[in-house]
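These notes are about the structure you will find just below.
Worth saying up front: this structure is predicted, and the values here are computed from it rather than measured. Worth knowing before you read on, the calculation uses all heavy atoms, side chains too, and leaves out hydrogens, waters and symmetry mates.
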Amino acid sequence: MDLIEITAADREGFSGRAKAIDYAVTGRLHHVGNYVRKIPSNLTRMMENAHDWEHLPFVHPSSFAAIAEVESGPWGWRCKTALPHGGEQLIELLVDNDRHYWATTVVDGPGQGTQIHTQASALDAGGIEVDVRFYLPQAPQSVEQQAMILGYLQAQYAALYDEDEALMLGRQAALDERKALRSVTPAEVLDLGPEAALDRDAVQKGMLGREKVLVRFWQSRWIAHSARCPHALAPLDEAQPDAEGGLTCPWHGYRFDLRTGAEDYKRCGSLPLFETVIEGARLIVRHAVSRR
């Protein structure tokens, strides 16, 4: 499951560290600048995103190659990460949930001692604003070096928030969709029409009950499964089955067996699967083989 191993030395690296933000620490560090951005989401999704360490290598592959959890809780998380171009870091993210504030520290590895403090705020006109503040353990050697460091960090966080914004909007859209579907009269059968006319290289879409369904021609047969990952409702439209029959969620890398629906490491419920049959030359999808 993890591509990197947590060692006793890694755990020792976090030993004795507090699980609450030390706001006074910023006075002992060097502030190099900020990145401020408006995001058309809400504080609930933003705080959910801050706590979600699992998404980092899948949503942000240019910044994280792999991640493994050391510990986590309502206070935040501590993880070991592998960097895309080599090297590893121990990273701690502490959260003040009431203030919608979090502080990220590079505990060990490249950038050791760097802290990034983020304040999220709701905007009167809708959406939120994040103020990301960059702190270094020592002052840069020159004004030019500080400008270079700040430019790098601002570009990195612009890319990170481009990716996070897409995830947060997708998550909210999925929750809104699920709520709206509660008032829809459920259909017990999905009729996709003449089977011979269907494009076997395309993913067919439809509704069965109150669930969006994807239908694929895979290994010489039609299969049908939920259009959303059961973990966090990520869309599975563009996910492609691998040679072993696994379908991997694009947000968190959870992998589901298309024969059983089970997730490889039982980290969440099974992916709902549905029965496909050809009746009167038409492709029919009906009752779930497995449900959440």
Side-chain angles (χ1 to χ4, degrees), residues 19-64 67 72-79 81 89 91-106 111 113-137 140 146-177 179 232-235 250-252:
K19 292 182 178 179
I21 297 171
D22 176 8
Y23 287 95
V25 74
T26 57
R28 303 190 294 273
L29 300 171
H30 184 81
H31 179 229
V32 296
N34 297 36
Y35 173 72
V36 179
R37 177 175 181 145
K38 292 181 174 60
I39 300 175
S41 187
N42 56 60
L43 288 174
T44 300
R45 297 284 80 77
M46 186 71 258
M47 298 310 296
E48 182 179 74
N49 186 269
H51 279 280
D52 180 14
W53 60 268
E54 285 185 294
H55 81 280
L56 295 178
F58 302 100
V59 177
H60 308 302
S62 64
S63 297
F64 302 92
I67 193 165
S72 65
W75 51 269
W77 50 263
R78 291 174 176 144
C79 290
T81 68
Q89 292 176 319
I91 296 181
E92 171 185 85
L93 186 144
L94 301 178
V95 185
D96 185 334
N97 293 290
D98 293 335
R99 293 180 59 176
H100 306 113
Y101 189 104
W102 58 98
T104 307
T105 302
V106 180
T114 298
Q115 292 200 20
I116 299 168
H117 288 237
T118 304
Q119 175 69 67
S121 306
L123 298 173
D124 292 339
I128 61 173
E129 181 178 270
V130 290
D131 181 359
V132 186
R133 305 159 193 169
F134 307 115
Y135 296 91
L136 301 181
Q146 175 160 321
M148 180 184 69
I149 293 170
L150 177 59
Y152 169 79
L153 290 169
Q154 287 175 331
Q156 183 184 35
Y157 270 75
L160 289 171
Y161 273 106
D162 283 346
E163 294 157 346
D164 274 337
E165 181 175 309
L167 185 155
M168 288 187 285
L169 292 177
R171 167 82 171 148
Q172 188 62 53
L175 291 168
D176 292 343
E177 173 189 276
K179 182 178 179 180
L233 303 182
W251 288 355
H252 298 97

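In this structure, Leu136 and Gln146 have side chains that are not in contact, with every pair of non-hydrogen atoms separated by 4.5 Å or more. Taking the side chain as every heavy atom from C-beta outward, Val132 and Gln154 never approach each other to under 4.5 Å. Taking 4.5 Å as the limit, every side-chain heavy atom of Ser41 sits out of range of all side-chain heavy atoms of Glu165. Counting heavy atoms from C-beta on, the side chains of Phe64 and Val59 never come closer than 4.5 Å. Looking only at side-chain heavy atoms (C-beta outward), His51 and Trp102 stay at 4.5 Å or farther from each other. Residues Ile67 and Trp53 form a side-chain contact, since some pair of their non-hydrogen atoms from C-beta on lies under 4.5 Å apart. Taking the side chain as every heavy atom from C-beta outward, His30 and Pro140 approach each other to under 4.5 Å.
With Asn97 contributing its side chain and Pro74 its backbone, the two residues share a donor-acceptor pair below 3.5 Å. Formation of a donor-acceptor pair under 3.5 Å by the Ser63 side chain with backbone atoms of His60 is not found in this model. Listed for the Asn42 side chain is a donor-acceptor partner under 3.5 Å among the backbone atoms of Thr44.
Atom CG of Leu94 is separated from atom NE2 of His117 by 9.0 Å, given to the nearest 0.5 angstrom. With values rounded to the nearest 0.5 angstrom, Thr104 atom OG1 is found 9.0 Å from Ile21 atom CD1. Rounding to the nearest 0.5 Å places CG of Asn49 at 6.0 Å from CG of Leu167. Taken from CZ in Arg171 to CG in Asp176, the straight-line distance is 11.0 Å, to the nearest 0.5 Å. Note that CD1 of Ile128 is 9.5 Å distant from NE2 of His100, once rounded to the nearest 0.5 Å. Separating the CD atom in Glu48 from the CE atom in Met168 is a distance of 9.5 Å, to the nearest 0.5 Å.
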Worked verdict on Arg45 versus Leu175 for side chain to side chain contact (heavy atoms under 4.5 Å, CB included): CA-CA 11 Å; Arg45 297 284 80 77; Leu175 291 168; 3.4 Å; yes
Check against side-chain hydrogen bond (donor to acceptor under 3.5 Å, both in side chains), Glu54 and His252: CA-CA 6 Å; Glu54 285 185 294; His252 298 97; 5.4 Å; no
Derivation of the side chain to side chain contact (heavy atoms under 4.5 Å, CB included) call for Arg78 and Lys19: CA-CA 10 Å; Arg78 291 174 176 144; Lys19 292 182 178 179; 3.7 Å; yes
Val95/Trp77 under side chain to side chain contact (heavy atoms under 4.5 Å, CB included): CA gap, chis, key distance, verdict: CA-CA 9 Å; Val95 185; Trp77 50 263; 6.0 Å; no
Leu29 vs Arg133, side chain to side chain contact (heavy atoms under 4.5 Å, CB included): CA-CA, chis, key distance, verdict: CA-CA 11 Å; Leu29 300 171; Arg133 305 159 193 169; over 6 Å; no
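Other residues, nucleotides and ligands contribute only 12 or fewer heavy atoms inside 6.0 Å of the NZ atom of Lys38.
Here Asp22 pairs with Arg28 in a salt bridge; the nearest charged N to carboxylate O distance falls below 4.0 Å. Taking the charged nitrogens against the carboxylate oxygens, Arg37 and Asp162 do have a contact shorter than 4.0 Å, which makes a salt bridge.
Pro40 and Leu169 get closest at one heavy-atom pair: O-CD2, 3.0 Å. When every heavy atom of Pro235 is checked against every heavy atom of Pro250, the shortest pair comes out as O-CG, 3.5 Å. Across all non-hydrogen atoms, the minimal contact from Met47 to Asp96 is CE-O, 4.4 Å. Between Val130 and Ala120, the shortest heavy-atom distance links the atoms CG1-CB, 4.1 Å.
When each of Tyr35, Tyr152, Phe134 is tested with Tyr157 by the rule ring pair (Phe, Tyr, Trp, His ring centres under 6.0 Å), just one qualifies, namely Phe134.
Legend: residues meeting ring pair (Phe, Tyr, Trp, His ring centres under 6.0 Å) with Phe58, ordered by chain and number and at least two apart, are absent.
Ring-plane geometry between Tyr135 and His31 is classed as tilted, the angle between the planes lying from 30 to 60 degrees on a 0 to 90 degree scale.
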